[in-house]
Amino acid sequence: MSRTQPITEANNTITTDIDVATTEGIVTLLRRCDAEIFDGWEGHKGLFHKETLDKLSKLAVLASDIIQDTSGSCIVLSGCGTSGRLAFITARSFNEQLKKSGKESIYDYLIAGGDKALFTSQEAPEDDPHIGVKMLCESCEGKKKVLYIGITCGLSAPFVAGQLDYCLQHLDKFTPVLLGFNPTYLARNLPVENWNKTFLQVVKELEAAEHAGKGFILNPVVGPEPITGSSRMKSGSATKIILEAIFTAAHSSTFNPEVPWDIETHFRSYQAIYNSVYLHTESIGKLVAIAGDSLQNGGSIFYIGCDTLGLMGMTDASECPPTYGATLDDVRGFVAGGYHFLQNKEGDLSSNGKYFRISISDFESDILSSLTDQDLVICLNTANSLQSLAGLKESRCKRVMLTFTELPDEHLREFDFVLSLRLPISDAIMEPWRQFHLEIATKWVLNAVTTGAHVLKGKVFQNIMVDLKVSNNKLFHRAVGIIEGLGKTSKELARMFLLRSIYHTEHLTPDQLEAPIAQHIKVASAQNRIVPVALVAAILNSSIENASHLLDSKPVIRMAILQALRSQETNLL
Ligand code: S6P
């Protein structure tokens, strides 16, 4: 029987016990889960499937044509949340490569919520197809030929659906590509507010265009996420690997046509990095323990990085609030050069407040002097530049270095812990793209750090993130699903518990009951613990007030849920 739940929203059986695993055990489970990126999942078409490789090769040719004749052409990468951040990072990297070859920039990125969303979570704009179209039209004004890649891991974001739909109506100008990680029949088929199509309907139109040779659907399956629905993890890694494969091939055939390039070999090079990173499972587990300790004791985690590894840190940090209900202070990332390095379209955003101050000098002036022994600073391959950060040596915080090179002893002594990763040496062909390998290795480690630390903080029950923020339509439905599943109740009742928690009431008014989901999200977004309260109330079949009291007395969410489940079992006996 075919499934009805998208694979990207399913529970991964490998990680069911991640919440009771040791720190090394957590990383071992992540390693097994990440293996599915390369090995595939339950016989579905995966990364190495011939169809995937063929489509990628065709896209590389299209991209190469655009690079060779840039007049009136461009490549647009677009997405929401992590997918939008990866669109930005990819566009930035390949524009840099073009600059080095004396060519003009042709890559552009679009992210729902604009540049603010590059390092702070802006989940709501994901739901608006019209904004998506507006941004796309602005980006492509005056262009005659556009290769558009809409990234939505779950095949679900209305922002991307609107853009794909627009491309499909203008196939003379656009070649639309959908990149995601579900079979097409599992694309979202729920109504989109203020729009007349579902994502699935758009996908069907794109399938027809693909048959006519006018579009592409790239949807290898990489299996469910280690923490349910956390598409920043495996799907994010696969997005990065795929985009880099397309454009590395395109750049190579344009600038080095004599050197044969092959997508499969390119993928194998990332698999070799995966193998090397997880050879250090024990050490990564130690880092997870240090990070978990900080978060559990009220400290924060700071990533300090130069070049694009700093962007990996910022990306990882930005995902913690929507995923784990973390505060913006819990995990933060800083990059040397700040906005000057970022080269984002909207320029310097630091006037928006402290969370938009992103350079290492901002870290020095805003944070360094107030660090306590509970705080953790993780330096990302930055030993040399740290010499200038003299204050860090004197600080009481814990200092960790993630490095890919041998460090001299005098540097090693400055850190409480050094995670030294030995990656396979790239061959000559891969050398210009070495940075991508360092980035994906960093991504795997940092994803493990923040996932593990939040697991240790008790934010995860089994492998389900129960303290998620209800900040967009997808997360609203995910929250209902969590309450339905763990609370063993009907979907309708689960929804009622969620609404009662959002509005802090035992009796919903007709207005509240009839309000559109966007309205519920608006009210919920500003609040904490909405889902845990609703879930505990559903398990105990109690009032929202009682559930809130229980959570006050047991602030570790996992423990509160366990207690609720145990008392429910006792009542049933
Ligand atoms: C997921 C992350 C989210 C997603 C965003 C887009 O871990 O927190 O920000 O990236 O919701 O999802 P999708 O399925 O459209 O790529």
Side-chain angles (χ1 to χ4, degrees), residues 5-10 12 30 33 77-90 109-113 116-129 131-132 149-164 177-182 186-188 190 192 199-200 202-203 218-219 221-222 224-240 242-243 314-326 328 331 443 446-448 450-451 454 459-460 463-465 467-479 521 525:
Q5 188 184 39
I7 294 167
T8 52
E9 289 286 319
N12 196 317
L30 296 178
C33 248
L77 311 176
S78 176
C80 313
T82 305
S83 299
R85 290 174 203 125
L86 290 169
F88 161 69
I89 290 169
T90 311
Y109 66 92
L110 301 173
I111 179 165
K116 275 182 174 180
L118 292 175
F119 36 85
T120 59
S121 129
Q122 311 279 329
E123 302 293 310
E126 172 167 340
D127 290 337
D128 195 332
I131 293 188
I149 304 190
I151 312 155
T152 169
C153 302
L155 267 55
S156 58
F159 178 85
V160 173
Q163 295 174 340
L164 283 170
V177 182
L178 165 62
L179 173 56
F181 301 95
N182 285 313
L186 291 174
R188 203 148 191 251
L190 290 171
V192 174
F199 203 104
L200 181 63
V202 175
V203 167
L218 277 175
N219 60 335
V221 166
V222 293
E225 297 291 344
I227 301 297
T228 305
S230 184
S231 56
R232 75 190 192 108
M233 302 206 46
K234 289 164 72 177
S235 304
S237 301
T239 298
K240 183 166 166 51
I242 287 173
L243 292 177
M314 289 170 65
T315 302
D316 186 81
S318 66
E319 292 154 353
C320 294
T323 312
Y324 295 108
L328 289 167
V331 189
K443 180 180 186 295
L446 302 191
N447 284 173
T450 40
T451 301
H454 283 100
K459 290 285 190 175
V460 172
N463 55 3
I464 301 167
M465 45 190 188
D467 198 10
L468 70 158
K469 273 241 183 277
V470 183
S471 45
N472 65 31
N473 193 292
K474 173 177 76 175
L475 297 173
F476 180 89
H477 288 289
R478 189 182 296 161
I521 292 165
S525 294

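When a ligand or atom number is given, it counts from 1 through the structure's own listing order.
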Within ligand 1, which atoms have a heavy atom of S230 less than 4.0 Å away?
7 (O)
Checking N12, V460, N463, T8 against T228 for side-chain contact (heavy atoms from CB on, under 4.5 Å), the one that qualifies is N463
Just heavy atoms, cut-off under 4.0 Å: does E126 contact ligand 1 by side chain, backbone, both, or neither?
side chain
Residue, atom name and distance, where the atom is the protein heavy atom closest to atom 6 (C) of ligand 1
C80 O, 3.2 Å
Do any N/O atoms on C153 end up under 3.5 angstrom from N/O atoms on ligand 1?
yes
Which atoms of ligand 1 have any heavy atom of A157 under 4.0 Å away?
15 (O)
Rounded at 0.5 Å granularity, tell me how far CD in E126 sits from OG in S121.
9.5 Å
Look at the rings of Y109 and F88 and say which category their plane angle falls in: under 30° parallel, 30 to 60° tilted, over 60° perpendicular.
perpendicular
Between ligand 1 and S231, is the shortest N or O to N or O distance under 3.5 Å?
yes
Drop me the distance from L475's CG to K469's NZ, to the nearest 0.5 angstrom.
11.0 Å
Between T82 and ligand 1, does any nitrogen or oxygen pair lie at a separation below 3.5 Å?
yes
Test item: T239 and R85 side chains (from C-beta on) under 4.5 Å apart, heavy atoms
no
Give yes or no for whether the N/O distance cutoff of 3.5 Å, strictly under, is met between N472 and ligand 1.
no
At what distance, to the nearest 0.5 angstrom, does SG of C153 lie from CG of L179?
7.0 Å
Please report which non-hydrogen protein atom sits nearest to atom 3 (C) of ligand 1, along with the residue it belongs to and the distance in Å to one decimal place.
E123 OE1, 4.0 Å
Looking only at distances, please establish whether an N/O atom of ligand 1 is found under 3.5 Å from an N/O atom of I151.
no
Would you give the length of the straight line joining atom CG of D127 to atom OG of S156, rounded to the nearest 0.5 angstrom?
9.5 Å
Would you mind listing which atoms of ligand 1 come within a distance below 4.0 Å of any non-hydrogen atom of S83?
10 (O), 16 (O)
Would you say the side chains of N447 and D316 form a donor-acceptor pair under 3.5 Å?
yes
How far does NZ of K459 sit from CD1 of I227, to the nearest 0.5 angstrom?
13.5 Å
Looking only at non-hydrogen atoms, the one of E319, K474, R232 nearest atom 4 (C) of ligand 1 is K474
Show the atoms of ligand 1 that are less than 4.0 angstrom away from any heavy atom in T323.
8 (O)
Evaluate the side-chain proximity of N219 to L178: yes if any heavy-atom separation is below 4.5 Å, no if none is.
no
For ligand 1, which atoms, with element, lie under 4.0 Å from some heavy atom of G154?
14 (O)
The answer for which part of L155 has a heavy atom under 4.0 Å from ligand 1 is neither
What protein heavy atom lies closest to atom 15 (O) of ligand 1? Include the residue and the distance to one decimal.
T152 OG1, 2.7 Å
Which ligand 1 atoms does G81 reach within 4.0 Å, using its non-hydrogen atoms?
9 (O), 10 (O)
Kindly compute the distance separating CG (N182) from CD (E9), expressed to the nearest 0.5 Å.
8.5 Å
